[in-house]
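Have a look at the structure below, then the notes.
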Number of protein chains: 2
Amino acid sequence: MAEQTRAEDIANRLRRSILHGTLPPGAPIKERDTAAEMGVSRTPMREAIRILANEGLLLLRPARSPVVASPTLAEVRDAIEVLSALELLSVRLACDRATEADLDEIRRLERELSDNFTTLDDIDRFEVDMAFHLAIVRAAHNPALAGTHRSYLGRLWRARFLSARRKSSRDSVVSQHRAIVAGLETRDSAAAQASLQAHLDRLLANVRAFFETETETEIGPEASGAD
Amino acid sequence: MAEQTRAEDIANRLRRSILHGTLPPGAPIKERDTAAEMGVSRTPMREAIRILANEGLLLLRPARSPVVASPTLAEVRDAIEVLSALELLSVRLACDRATEADLDEIRRLERELSDNFTTLDDIDRFEVDMAFHLAIVRAAHNPALAGTHRSYLGRLWRARFLSARRKSSRDSVVSQHRAIVAGLETRDSAAAQASLQAHLDRLLANVRAFFETETETEIGPEASGAD
DNA sequence: TTCGGGTGTTTGGTATACCAAAATGGTTGA
DNA sequence: TCAACCATTTTGGTATACCAAACACCCGAA
């Protein structure tokens, strides 16, 4: 099986640090220093930085170190607009193309979330939620869509994760997921899209609320996640 | 102003060759040889190859030279499905957000195409057509959408260009563009989306017809564009 | 005290060499 | 004639050094 290159490995480690907050928004990634810390040369480090910049997690600046992206509310909202179009397309295509195996997997993930909603910790619950949406996209059987959707998940991960922690309303999430599954099972595209739209509207509202409290309580990048 | 890096310059030159057919589908891009031909080192060549692979124009293979992508009908169709969702979103947002300057630019491009349809050569006409669609996306004022849309234009460019050459029906294209502009001007999102949908349906039909004749008349990558 | 210039440091980009792995082609033996 | 093995070539990835540009800081002069 294809092993990861050193660049991919470095990118994964940095991505994890960014998504989990160890590298907070605004933190610089000094190419030479970080390469030395990881015991690698600049070439794979440079490649890894490129990978993460393409995913929207790092912001490249001319003649300066790249920094961890710190998307504004407008940028997050813009990305959610595109994500919404992609997820609505995936639901529409999945209604037409999902196999029984696809539907089984989607049901399994829906059940896993609803059965364990209060016992899962924040990160695990969030990842099951993401897996649910990814399973729907896979059921659309359109690799181009899957790739683009995945890149939006990357760039929106932290905003979604942090906003979801503020308001994890079990009944609402679970009922919306169930409604989406029901629409898929009955191949009722309009119903499935309407349920997903409600879910996405709630996401946008949560993100807005999150940014509002961010500007009230946070001083700046330094005030978050210690280095 | 920010000049291009050598890698970006190389990527642009290779992209042009790919899009214009000088480098046909399936042609290998040998990193060392092509770098030597262009008088550059492997480092920027490697970076340029990465850029084009991210745009879907090159296909990377393990332990083999990358080749010019040769998308199948299924891959092109998949990409058009996503492009359609993105363009429909852009029209919907543009109905809400377009400034008068945006509308002026869209009108100007529509007029340029309709006034010069038969006198423009294939490439120029195609590029005005693309500029028209790009202007609508700009009018949506969503940079994330603009970026993703641009990457789909890149990967679909050749299929669209070659299929458009087969059937360049002036009256149909021009009337659909006018209908889209009218919808934008009156901020009638439903009408603008319906006109765009018709335009996109025709694109898909053209691409299908193109692939059907491709499989009938073409022997293989060697039979197209001499090297 | 402020502004401008110079110097040093940091940085991205590039060139080049080397390594290891994979693929391909040829030869030999059954 | 076919299959297997070996050698050579091709390839991507990585390490390291160097260069030029940009930025920041300090000092001197007005």
Side-chain angles (χ1 to χ4, degrees), chain A residues 1-15 17-18 23-70 147 220-222 227, chain B residues 1-15 17-18 23-70 147 220-222 227:
Chain A
M1 64 213 52
E3 276 181 31
Q4 282 184 334
T5 63
R6 182 157 286 160
E8 287 165 341
D9 179 55
I10 295 164
N12 284 339
R13 288 160 67 187
L14 290 173
R15 185 182 301 108
S17 296
I18 292 168
L23 283 169
I29 309 293
K30 294 170 173 283
E31 193 171 287
R32 285 174 176 80
D33 293 350
T34 314
E37 284 163 15
M38 290 184 166
V40 299
S41 79
R42 281 183 58 212
T43 314
M45 173 59 59
R46 178 182 182 73
E47 177 69 20
I49 288 172
R50 287 283 193 259
I51 290 170
L52 296 175
N54 281 334
E55 289 176 15
L57 294 178
L58 289 184
L59 184 67
L60 299 181
R61 305 180 293 182
R64 288 293 93 194
S65 297
V67 293
V68 177
S70 180
E222 300 77 17
D227 189 35
Chain B
M1 64 221 43
E3 277 183 29
Q4 282 185 332
T5 62
R6 183 157 283 161
E8 287 166 342
D9 179 53
I10 294 165
N12 284 340
R13 289 161 67 187
L14 289 173
R15 185 183 300 108
S17 295
I18 292 168
L23 282 170
I29 310 293
K30 294 169 172 286
E31 194 171 286
R32 285 173 175 80
D33 292 351
T34 314
E37 283 162 16
M38 290 186 167
V40 299
S41 79
R42 281 183 60 213
T43 314
M45 174 60 57
R46 178 180 181 74
E47 177 69 20
I49 286 172
R50 288 282 192 259
I51 291 170
L52 297 175
N54 281 334
E55 291 176 14
L57 294 179
L58 289 184
L59 183 67
L60 299 179
R61 305 180 294 182
R64 287 291 92 195
S65 297
V67 293
V68 177
S70 179
E222 299 78 16
D227 189 35

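Here is the naming used below: chain letters follow the sequence lines, and residue numbers restart at 1 for every chain.
- For Arg13(A), the salt bridge (Lys or Arg N to Asp or Glu O under 4.0 Å) partners two or more places apart in sequence, or in a different chain, are Asp9(A).
- Residues passing the side chain to side chain donor-acceptor pair (under 3.5 Å) test with Arg46(B), sequence neighbours excluded: none.
- Remark: Arg42(B) engages Glu31(B), Arg32(B) in a side-chain contact (heavy atoms from CB on, under 4.5 Å) (not counting sequence neighbours).
- Every residue two or more places apart in sequence or in another chain that forms a side-chain contact (heavy atoms from CB on, under 4.5 Å) with Pro44(B) is listed here: Arg6(B), Ala7(B), Ile10(B), Val40(B), Ser41(B).
- Using a 4.5 Å cut-off on side-chain heavy atoms (C-beta onward), Leu57(A) and Val68(A) make no contact.
- One interatomic measurement links the two molecules: CE of Met45(B) to C1' of dT16(C), which rounds to 15 Å at whole-angstrom precision.
- Taking Val67(A) as the reference, Pro28(A), Leu59(A), Arg61(A) meet the side-chain contact (heavy atoms from CB on, under 4.5 Å) condition, with sequence neighbours excluded.
- Between Ser41(A) and dT14(D) there is no side-chain polar atom (N or O) within less than 4.0 angstrom of OP1 or OP2.
- The phosphate of dT14(D) (OP1 or OP2) has no side-chain N or O of Thr43(A) nearer than 4.0 angstrom.
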Base versus backbone protein contacts along nucleotides 4-13 of chain C [heavy-atom cut-off under 4.0 Å; B, S, -]: -------BBB
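- Atom CD in Glu47(A) sits roughly 14 Å away from atom P in dT14(C) (whole-Å rounding).
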